[in-house]
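Before any comments, here is the structure.
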Amino acid sequence: MARIKPFLFISLFCFLAVASAQKSITDQDQIRGAMEFLASDAMQGRASGSHDELLAATFLASQLREIGIEPAGDDGGYIQTVSGEFNFYREGKKQWNTRNVIGRLEGRDEKMKDQVILLTAHMDHIGIGKPVNGDNIYNGADDDASGCIAVLQLARALAHEKAPKRTVLFVFFGSEETGGQGNGYFLQHPPVPLKSIVANLEFEMIGRADSAVKPDELWLTGFDRSNLGPELAKHGAKLVADPHPKQNFFQRSDNYALAKQGIVAHTVSSFGLHSDYHQPGDDVAHIDFAHMDQAIHSMLEPVKWLANSEFKPEWVKGKKP
Ligand SMILES: [Zn+2]
């Protein structure tokens, strides 16, 4: 056995010391950390308009602060308080209180910063309900903690580099599950003129893979309605048409109200019609973190491209809702 030279021994020691101190935090750790809070039993299913929804909003706001995204809600904060009379699916009009969380990354290009890319997800779920196998907490891990975390990770990626040319708004809507009251209020009280919003991508249910498409693919609702999906796909997004057209998913998330205002707005998803939809089984234990990590990662470069591009998506003739 050769005699080890003292300086080599010291170098090796230093290397090991540094290596052990620098266990790097991976994207998957960040994703899992946020998921284990938002979809925990402690959050009691983040019911629309509830105190638990406010806790989710507060968490998302604090994450945006930590990431370095500016607040764009009420009074210099991230939260936009929502209060008023709203339409509900079953009960019709009634008084409702909820909130949205709004963060803003100002574009760096003088000519393009008035063009806004809107990235959204909904933070509420359906709360506590009828027990199934002794579990009455409807955690909403896939629906839609997964989408909120996608928006957070996109915010993190965009904030860590030179600001994009366009402005990017990150919005978490409240009360989507009860009919989109947060979204409705946002449209009535937008932080930027609605005409300045070039595109909206809503992220919904990306926590599990959909066996109807390839394992690394995501689908975009209303894919053939505009040229946004095809153009994102050209720039690396693993985006394909929604394989479940009978489900009318284009109409079933917050993107739809925006689309009806003329904004090119679609939802990104990989919901494979699993039986835990709106059940207590939509929990952290059923999240496929490898898929979710890959899904979010696959959208980073295409979204960065969109935020820096002069491309303005348009509705296909006759396909505008
Ligand atoms: Zn949802």
Side-chain angles (χ1 to χ4, degrees), residues 30-67 71 73-74 77-84 86 88-91 94-103 120-153 155 170-186 202-208 252-254 271 276-287 292:
Q30 289 163 347
I31 289 167
R32 197 175 189 116
M35 179 61 81
E36 285 173 350
F37 181 73
L38 282 173
S40 64
D41 282 356
M43 296 297 283
Q44 302 203 75
R46 308 183 307 279
S48 314
S50 71
H51 181 72
D52 300 316
E53 185 198 66
L54 175 59
L55 290 179
T58 305
F59 170 75
L60 292 164
S62 91
Q63 291 284 296
L64 287 179
R65 175 81 75 191
E66 199 179 297
I67 290 169
D74 299 337
Y78 293 91
I79 292 179
Q80 177 183 50
T81 299
V82 174
S83 185
F86 294 92
F88 283 73
Y89 288 140
R90 290 186 186 90
E91 306 102 301
K94 66 174 182 178
Q95 173 67 33
W96 194 250
N97 302 304
T98 182
R99 68 283 300 172
N100 299 316
V101 174
I102 311 177
T120 59
H122 71 90
M123 58 192 169
D124 64 310
H125 195 57
I126 53 179
I128 302 279
K130 205 175 100 211
V132 178
N133 301 324
D135 183 6
N136 65 352
I137 303 174
Y138 290 62
N139 304 80
D142 195 14
D143 186 11
D144 187 27
S146 71
C148 292
I149 295 164
V151 173
L152 273 184
Q153 292 300 92
F170 306 92
V171 182
F172 303 97
F173 293 122
S175 299
E176 186 268 356
E177 298 286 4
T178 44
Q181 289 76 24
N183 178 263
Y185 188 92
F186 174 88
E202 169 94 1
F203 291 82
E204 273 257 36
M205 307 187 72
I206 57 151
R208 308 190 196 186
R252 280 174 57 185
S253 187
D254 281 325
F271 174 38
D276 291 319
Y277 172 73
H278 282 198
Q279 293 296 317
D282 179 8
D283 55 13
V284 179
H286 289 95
I287 292 295
M292 191 173 154

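Fair warning: this is a prediction, and the values are worked out from it, not measured in the lab. Both backbone and side-chain heavy atoms feed into the values below; hydrogens, waters and symmetry mates do not.
A 4.5 Å side-chain heavy-atom check between M35 and S146 finds at least one atom pair inside the cut-off. Taking the side chain as every heavy atom from C-beta outward, V151 and T120 never approach each other to under 4.5 Å. Residues F186 and D254 form no side-chain contact, since every pair of their non-hydrogen atoms from C-beta on lies 4.5 Å or further apart. Side chains of L38 and I149 form a contact here, defined as non-hydrogen atoms less than 4.5 Å apart.
For the pair D74 and T81, the tightest heavy-atom approach, listed with the atom from each and the gap, is OD2-N, 2.7 Å. Residues A141 and V284 come closest through the heavy atom pair CB-N, 3.8 Å. Of all heavy-atom pairs between A150 and I206, the closest is CB-CD1, 3.7 Å.
In this structure, the side chain to side chain contact (heavy atoms under 4.5 Å, CB included) partners of A47, at least two apart in sequence or on a different chain, are S50. Remark: E66 engages no residue in a side chain to side chain donor-acceptor pair (under 3.5 Å) (not counting sequence neighbours). Annotation: ring-ring contact (aromatic ring centres under 6.0 Å, His included) contacts of Y138 (sequence neighbours excluded): none. The ring-ring contact (aromatic ring centres under 6.0 Å, His included) test applied to Y78 returns no partner, not counting sequence neighbours. Listed by chain and residue number, nothing satisfies the ring-ring contact (aromatic ring centres under 6.0 Å, His included) test with F172 (two or more places apart in sequence, or in another chain). A search for side chain to side chain donor-acceptor pair (under 3.5 Å) contacts involving D41 returns N139, not counting sequence neighbours. For the side chain to side chain donor-acceptor pair (under 3.5 Å) test, residues two or more places apart in sequence or in another chain that qualify with Q153 are Q30, R156. In this view, E204 and H122, S253 satisfy the side chain to side chain donor-acceptor pair (under 3.5 Å) rule, not counting sequence neighbours. For D283, there are no salt bridge (Lys or Arg N to Asp or Glu O under 4.0 Å) partners at least two apart in sequence or on another chain.
When atom types are taken as modelled, the side chain of D144 and the backbone of M123 share no donor-acceptor pair closer than 3.5 angstrom. In this structure, the side chain of Q181 engages the main chain of T178 through a donor-acceptor pair within 3.5 Å. For D124 (side chain) and G174 (main-chain N/O), no donor-acceptor pair under 3.5 Å exists by modelled atom type. Checked by atom type and distance alone, the side chain of S175 never pairs as donor or acceptor with a backbone atom of G182 at under 3.5 Å.
Applying the ring pair (Phe, Tyr, Trp, His ring centres under 6.0 Å) definition to pairs two or more places apart or across chains, those involving residues 33-65 are F37-F59. Listed by first then second residue, pairs satisfying salt bridge (charged side-chain N to carboxylate O under 4.0 Å, His left out) with a partner in residues 43-65 read E53-R99, not counting sequence neighbours.
Going from atom CG of L60 over to atom CD1 of I67 covers 9.5 Å, rounded to the nearest 0.5 Å. If you take CG on D282 and CE on M205, they are separated by 5.5 Å, rounding to the nearest 0.5 Å. Taking SG of C148 as the reference point, atom CZ of F170 lies at 13.5 Å (rounded to 0.5 Å).
Exactly one residue among Y185, F86, F88 makes a ring-ring contact (aromatic ring centres under 6.0 Å, His included) with W96. That residue is F88.
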Tell me, with the steps shown, if D142 and H286 meet side-chain contact (heavy atoms from CB on, under 4.5 Å).
-> CA-CA 8 Å; D142 195 14; H286 289 95; over 6 Å; no

For residues 125-135, which side-chain donor-acceptor pairs fall under 3.5 Å, sequence neighbours excluded?
unit_1, atom_1, unit_2, atom_2, d
H125, ND1, D143, O, 2.7
H125, ND1, E177, OE2, 3.3
D135, OD1, I137, N, 3.1

